[in-house]
Amino acid sequence: SISHRLWPEIEKVVHQQVAWARLGLGDSGTGWQLFAEDGEMRMYRREEEVDGMVVDPLKAVHIVKGITGHEVCHYFFSPQYRYDWETTLEQMTVLETIADDTCLFLQTHKRIWPASQRDVIFWSHIRHLPNDQDRDGPDIWTVVNHSTEHKDYPANSGKCVRIFLTVCLLCQTRVNPPKEGTPITRDDISCKITYCSVVNPGGWAPASVLRALYKREYPKFLKRFTSYVTNQTKDKPIMF
Ligand SMILES: CC(C)(C)c1cc(CCc2ccccn2)cc(-c2ccc(S(=O)(=O)CCO)cc2)c1
């Protein structure tokens, strides 16, 4: 709800992340390196460090047939499905349901050897945006996750190292119009997904270890998540 203390930040970060996600990868001069490809999925990263810590921004573009942007964002945002597709998750707590489109999460993730265990607190917001640049272009569904603090869970107070992240999942649905008068089926739709993330691993971890971990984990994560949405939706009516 717009009276919540986080609302101004949510508005600012959502618009900033949507603009960032819609930017192309530019020419090679922008430092984006393609590091994983699998079918329609292309994953890029930029090597960046903050205070000697690896915070490599990641941008992935994927095109998946048979699902819509609304469906992809629905399964990414809704807490009740998260254990099904987020295999690095050990514990998820909804600290606050700020509105029906905004939640505050605490997550502890399974330890990924040799890094120590991590946790994260973030707000998550789902939004449907008209395509403001291209009037008859496909509309946008997006989920933005952005780490924040919570007075009851101070960082690094328990066994976990606190990570900080900003994640934007931006989706655009494409419909190939079927023959005049015939209903749209899942064979006529596809979803272009842009996934942007910056994860600051918090406590120190060797750059080589983190980069190897990111290189291995991110491609698996996006494929697993999109396969999950395909399976969950295949026998259900299309959510436009
Ligand atoms: C390795 C990598 C794939 C980057 C990774 C490792 C860890 C585990 C914690 C961690 C971080 C760094 C080093 C070791 N362990 C967490 C995440 C992560 C957490 C949350 C989200 S989310 O978009 O908010 C979806 C809801 O869960 C995305 C990614 C990613």
- Message: Can you confirm whether C73 sits close enough to I126 that some side-chain heavy atom of one is under 4.5 Å from a side-chain heavy atom of the other?
- Response: yes
- ring pair (Phe, Tyr, Trp, His ring centres under 6.0 Å): which pairs involve residues 33-65, sequence neighbours left out? none
- Item | Criterion side-chain contact (heavy atoms from CB on, under 4.5 Å) on V18 and W20, from CA distance to verdict | CA-CA 5 Å; V18 167; W20 169 253; over 6 Å; no
- Message: Tell me the closest heavy-atom pair linking L170 and T142, and the distance in Å.
- Response: CA-OG1, 4.0 Å
- Query: Side chains of C196 and V167: does their closest heavy-atom pair fall under 4.5 Å?
  - Reply: no
- Between the side chain of T102 and the main-chain N/O of I98, is any donor-acceptor distance below 3.5 Å? no
- Where do V198 and V55 come nearest, in terms of heavy atoms and distance? CG1-O, 3.5 Å
- Message: Within the structure provided, determine whether R186 and T233 are in side-chain contact (heavy-atom separation under 4.5 Å).
- Response: yes
- Message: In this structure, would L222 and I112 fall into the same cluster of hydrophobic residues linked by side-chain contacts under 4.5 Å?
- Response: yes
- Does CD belonging to E149 count more than 12 external heavy atoms closer than 6.0 Å? no
- Item | Sidechain N-carboxylate O distance under 4.0 Å for K234, E71 | no
- Task: Could you tell me which non-hydrogen atom of I238 sits nearest to which non-hydrogen atom of T185, and how far apart they are?
- Result: CD1-C, 3.8 Å
- Task: Return the minimal non-hydrogen interatomic distance between A60 and M43, and the atom names on each side.
- Result: CB-CG, 3.5 Å
- Message: Looking at N231 and S227, would you say the former's side chain and the latter's main chain have a donor-acceptor pair under 3.5 Å?
- Response: yes
- Message: Check E86 with R224, please: is the shortest side-chain N to carboxylate O separation under 4.0 Å?
- Response: no
- Approximate separation, where rounding is to 0.5 Å, of H109 NE2 and C160 SG: 9.5 Å
- Item | Check: T182 side chain, K179 main-chain N or O, donor-acceptor pair, under 3.5 Å | yes
- Item | Joint hydrophobic cluster, V72 plus Y83, side-chain heavy atoms closer than 4.5 Å | yes
- Steps toward side-chain contact (heavy atoms from CB on, under 4.5 Å) verdict (D38, K223): CA-CA 9 Å; D38 184 318; K223 281 188 65 61; 3.2 Å; yes
- Task: Considering non-hydrogen atoms only, spot the tightest contact between T194 and A21 and give its length.
- Result: CG2-O, 3.5 Å
- Can you say whether the rings of F76 and F225 are parallel (under 30°), tilted (30 to 60°) or perpendicular (over 60°)? perpendicular
- Any donor-acceptor N or O pair under 3.5 Å, side chains K110, Q117: no
- Task: Evaluate the criterion side-chain contact (heavy atoms from CB on, under 4.5 Å) for residue pair I193 and T226; output intermediate values, then yes/no.
- Result: CA-CA 9 Å; I193 299 169; T226 50; 3.6 Å; yes
- Within one Ile-Leu-Val-Met-Phe-Trp-Tyr cluster: V61 and L58, side-chain cutoff 4.5 Å: no
- Beyond-backbone contact of F164 with F122, side-chain heavy atoms, under 4.5 angstrom: no
- Compare all side-chain heavy atoms of L95 with those of I121 and state whether any distance is below 4.5 angstrom. yes
- Nearest-0.5 Å distance, SG of residue C168 to CG of residue N145: 9.0 Å
- Query: Can you check salt bridge (Lys or Arg N to Asp or Glu O under 4.0 Å) on K192 and E40, steps first, answer last?
  - Reply: CA-CA 10 Å; K192 183 185 173 199; E40 290 296 316; over 6 Å; no
- Starting at OH of Y75, measure out to NE2 of H70 and round the result to the nearest 0.5 Å. 10.0 Å
- Message: Check for me whether the distance between the ring centres of W123 and H4 falls short of 6.0 Å.
- Response: no
- Roughly how far apart are Q80 CD and M92 CE, rounded to 0.5 Å? 8.5 Å
- Co-membership, hydrophobic cluster, residues Y228 and I67, 4.5 Å side-chain: yes
- Task: Find out whether K65 and I189 are in side-chain contact, i.e. whether some heavy atom of one side chain is under 4.5 Å from a heavy atom of the other.
- Result: no
- Is the Y214 ring parallel, tilted or perpendicular to the Y218 ring (thresholds 30°, 60°)? perpendicular
- Query: For L169, which of W141, Y195, F77 qualifies under side chain to side chain contact (heavy atoms under 4.5 Å, CB included)?
  - Reply: Y195
- Query: What do you reckon, is CG of D51 surrounded by more than 12 foreign heavy atoms closer than 6.0 Å?
  - Reply: no
- Note on the structure: Nearest heavy-atom approach of T68 to C191 is C-SG, 4.0 Å
- Start with the C-alpha distance between E37 and R42, add both sets of side-chain angles, then the distance that settles salt bridge (Lys or Arg N to Asp or Glu O under 4.0 Å), and finish with yes or no. CA-CA 5 Å; E37 261 186 289; R42 306 268 181 289; 3.2 Å; yes
- Query: With no hydrogens and no angle check, is any side-chain donor or acceptor of N156 less than 3.5 Å from a backbone partner on R162?
  - Reply: yes
- Query: Are side-chain N/O atoms of D139 and H128 paired as donor and acceptor at under 3.5 Å?
  - Reply: yes
- Message: We want to know whether Q107 and R82 form a side-chain donor-acceptor pair, criterion being a heavy-atom distance below 3.5 angstrom.
- Response: yes
- Message: Test side-chain contact (heavy atoms from CB on, under 4.5 Å) on L104 and H150; report intermediate values, then the result.
- Response: CA-CA 9 Å; L104 191 64; H150 191 284; 3.6 Å; yes
- Task: Starting at OH of Y81, measure out to CD of Q232 and round the result to the nearest 0.5 Å.
- Result: 7.0 Å
- Message: Keeping K12 on the side-chain end and W7 on the backbone end, is there a donor-acceptor pair under 3.5 Å?
- Response: no
- Query: Do the side chains of V161 and M53 join up, straight or via other hydrophobic residues, at under 4.5 Å, putting them in one cluster?
  - Reply: no
- How about R22 and I140: do any of their side-chain heavy atoms sit closer than 4.5 Å? yes
- Would you indicate whether the side-chain heavy atoms of N200 and L165 approach each other to under 4.5 Å? no
- Item | Residue of the set Q33, R45, R46 for which side chain to side chain contact (heavy atoms under 4.5 Å, CB included) holds with D56 | R45
- Please check if the side chain of Y153 supplies one atom and the backbone of V120 the other of a donor-acceptor pair under 3.5 Å. no
- Message: For a salt bridge (Lys or Arg N to Asp or Glu O under 4.0 Å) check, start with the C-alpha distance between E217 and K220, then their side-chain angles and the critical distance, and finish with the verdict.
- Response: CA-CA 5 Å; E217 292 293 327; K220 285 176 3 188; 3.6 Å; yes
- Rounded to the nearest 0.5 Å, how far apart are CG of L6 and NE2 of H125? 11.5 Å
